[in-house]
S.K.: 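For reference, the structure I am asking about is given below.
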Amino acid sequence: MTTLAAWPYPRWVAHRGAGKLAPENTMSAFRLGATFGYRMFECDAKLSSDGVLFLMHDSDLRRTTNAQGTGSDRSMGELAQLDAGSWHSRAFAGENLPTLEALARWCIANHLHLNVEIKPTEGQEEATGRATGELMSRIWPEEAVPPLFTSFKPDALRGARAVAPRIPRGLLVDKFADGTGEAALNVALELGCVAMVLNHALWDKALVQRVHGAGLRCSSYTVNDEWEAARLLEIGTDAIITDRVDLFSPAA
């Protein structure tokens, strides 16, 4: 019988800090998420032109800052001067783009868990994975529960595994190319993942049982409706990533 991967993480994960309540991937968002009792946070990590990991979901700066163009084309010094909060609301005007290291050190100091989605700019998949693995291996305490690395890009996970094989990995999947999920499961197993992190609509009871049977955990993104959260809990998934930190109690 295949042994199910260890899962030392909370069931509920705050998406990009605090979902929609604060500007995503900023320190204000993570601090706000913590005030709702969340103990695990998901973030997106990219590489700056000078090799610093910073937090941003999109490749382009337009949606979440006061600038345009590809974020990874700028140095961290340039990125740090951007306004990453005004797009959300006046209350967050002047919010900075943080480095992944700043967020990680905040999590470490507060004994919080971190899911780092390796979100590379196109062409930087392996390099971003390696940089993420090197950073976390260097600063994350060995005695603490390790961060979880996830990515839609297998090459990013391969890069992370090459330099940080002991830090667990999860494969993100938005849709199944083969319609069944078997090919994605095989990729996750080849990468030595501990989890599959799927678009929540892809999970059904049979798939949960198949993934658990292969020894992997089952996580879902991004779940914002009570009925869907109840369905996912009923079929036995292990973790739920949500924007609705104000709706779902992380103690549930």
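We number each residue from 1, following the sequence as shown. Only this structure's heavy atoms are used, side chains among them; waters, hydrogens and symmetry mates stay out.
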S.K.: Are the side chain of Trp87 and the backbone of Thr65 linked by a donor-acceptor contact shorter than 3.5 Å?
M.R.: no
S.K.: I want to check something: taking the side chain as every heavy atom from C-beta on, are Leu148 and Pro168 in contact at a cut-off of under 4.5 Å?
M.R.: yes
S.K.: Measuring only between side-chain heavy atoms, which start at C-beta, is Thr70 closer than 4.5 Å to Leu61?
M.R.: no
S.K.: Taking salt bridge (Lys or Arg N to Asp or Glu O under 4.0 Å) as the test, write out the residues that go with Glu101, two or more places apart.
M.R.: Arg105, Arg138
S.K.: Going only through I, L, V, M, F, W and Y residues with side-chain contacts under 4.5 Å, is there a path from Leu157 to Val211?
M.R.: yes
S.K.: Are Arg158 and Glu190 close enough for a salt bridge, meaning some N to O gap below 4.0 Å?
M.R.: yes
S.K.: If you compare all heavy atoms of Ala104 against all heavy atoms of Trp140, which two are closest, and at what distance to 0.1 Å?
M.R.: O-CZ3, 3.9 Å
S.K.: To check you understand the geometry: which heavy-atom pair defines the closest contact between Leu191 and Pro154, and what is its length?
M.R.: CD2-O, 3.8 Å
S.K.: Would you sort out whether Trp203 and Ser220 count as a side-chain hydrogen bond (donor to acceptor under 3.5 Å, both in side chains), showing the intermediate values?
M.R.: CA-CA 8 Å; Trp203 288 118; Ser220 307; 3.2 Å; yes
S.K.: Are Tyr221 and Val208 connected into the same hydrophobic cluster when the rule is that any two of I, L, V, M, F, W, Y join if their side-chain heavy atoms are below 4.5 Å apart?
M.R.: no
S.K.: Give the intermediate values and the outcome of side-chain contact (heavy atoms from CB on, under 4.5 Å) for residues Leu135 and Leu53.
M.R.: CA-CA 9 Å; Leu135 173 66; Leu53 288 156; 3.9 Å; yes
S.K.: Same cluster for Leu202 and Leu216 if Ile/Leu/Val/Met/Phe/Trp/Tyr side chains link at under 4.5 Å?
M.R.: yes
S.K.: When the ring planes of Phe30 and Trp106 are compared, do they come out parallel, tilted or perpendicular, using 30° and 60° as the limits?
M.R.: tilted
S.K.: Working to the nearest 0.5 Å, report the span between OH of Tyr38 and OG of Ser249.
M.R.: 7.0 Å
S.K.: Between Asp50 and Ser48, what is the shortest heavy-atom contact and its length?
M.R.: OD1-OG, 2.5 Å
S.K.: Just wondering, do Thr121 and Leu47 contact through their side chains at under 4.5 Å, heavy atoms?
M.R.: no
S.K.: When you measure from the side chain of Asp178 to the backbone of Gly181, do you find a donor-acceptor pair of N or O atoms at a distance under 3.5 Å?
M.R.: yes
S.K.: Are Tyr9 and Asn115 close enough that a side-chain donor and a side-chain acceptor fall under 3.5 Å?
M.R.: no
S.K.: Just checking, any donor-acceptor pair under 3.5 angstrom between side chains of Asp238 and Ser219?
M.R.: no
S.K.: To the nearest 0.5 Å, what is the distance between CG on Leu112 and CG on Asn110?
M.R.: 5.0 Å
S.K.: Below 4.0 angstrom, N of the basic side chain to O of the carboxylate: do Glu234 and Arg231 qualify?
M.R.: no
S.K.: Taking the side chain as C-beta and beyond, is there a heavy-atom pair between Cys43 and Asn25 under 4.5 Å?
M.R.: yes
S.K.: Output yes when a side-chain donor or acceptor of Asp225 lies under 3.5 Å from a complementary backbone atom of Trp227, and no otherwise.
M.R.: no
S.K.: Which heavy atom in Ala18 sits nearest to a heavy atom in Ala29, and how many Å separate them?
M.R.: CB-O, 3.2 Å
S.K.: Before accepting this row, confirm whether a basic side-chain N of the pair Arg63/Glu24 lies closer than 4.0 Å to the acidic partner's carboxylate O.
M.R.: yes
S.K.: Just checking, any donor-acceptor pair under 3.5 angstrom between side chains of Trp12 and Thr242?
M.R.: no
S.K.: If you round to the nearest 0.5 Å, how far is NE2 of His212 from CG of Leu4?
M.R.: 5.0 Å
S.K.: Using a strict threshold of under 4.0 Å (side-chain N to carboxylate O), is an ion pair present between Arg244 and Asp246?
M.R.: yes
S.K.: What distance separates Thr222 OG1 from Glu228 CD, expressed to the nearest 0.5 Å?
M.R.: 11.5 Å
S.K.: Side chains of Ile241 and Val223: closer than 4.5 Å at any heavy-atom pair?
M.R.: no
S.K.: Okay, side chain of Arg217, backbone of Ala5: is any donor-acceptor separation there less than 3.5 Å?
M.R.: yes
S.K.: About how many Å separate OG of Ser28 and CG of Leu21, when rounded to the nearest 0.5 Å?
M.R.: 12.5 Å
S.K.: Verify, without hydrogens or angle tests, whether Asn96 (side chain) and Pro98 (backbone) share a donor-acceptor contact under 3.5 angstrom.
M.R.: no
S.K.: Judged by modelled atom types alone, do Thr150 and Glu117 share a side-chain donor-acceptor pair under 3.5 Å?
M.R.: no
S.K.: Can you get from Ile235 to Phe248 by hopping between Ile, Leu, Val, Met, Phe, Trp and Tyr side chains that sit under 4.5 Å apart?
M.R.: yes
S.K.: In Å, rounded to the nearest 0.5 Å, how long is the span from CD of Glu42 to CG of Leu172?
M.R.: 8.0 Å
S.K.: Using a strict threshold of under 4.0 Å (side-chain N to carboxylate O), is an ion pair present between Arg210 and Glu182?
M.R.: yes
S.K.: Any side-chain heavy-atom pair from Pro120 and Lys153 closer than 4.5 angstrom?
M.R.: yes
S.K.: Only one of Val116, Asp44, Leu100 clears side chain to side chain contact (heavy atoms under 4.5 Å, CB included) with Leu55; which?
M.R.: Leu100
S.K.: Check whether any side-chain heavy atom of Lys46 lies under 4.5 Å from a side-chain heavy atom of Ser59, and answer yes or no.
M.R.: yes
S.K.: How far apart are the closest heavy atoms of Phe176 and Leu198, and which atoms are they?
M.R.: CZ-CD1, 3.7 Å
S.K.: Can you give me the closest heavy-atom contact between Arg169 and Ile167, atom names plus distance?
M.R.: NH1-O, 3.2 Å
S.K.: Mind checking whether Phe54 and Met76 have side chains closer than 4.5 Å, heavy atoms only?
M.R.: yes
S.K.: Is there a continuous path of hydrophobic side-chain contacts, each under 4.5 Å between heavy atoms, that joins Ile118 to Val194?
M.R.: no
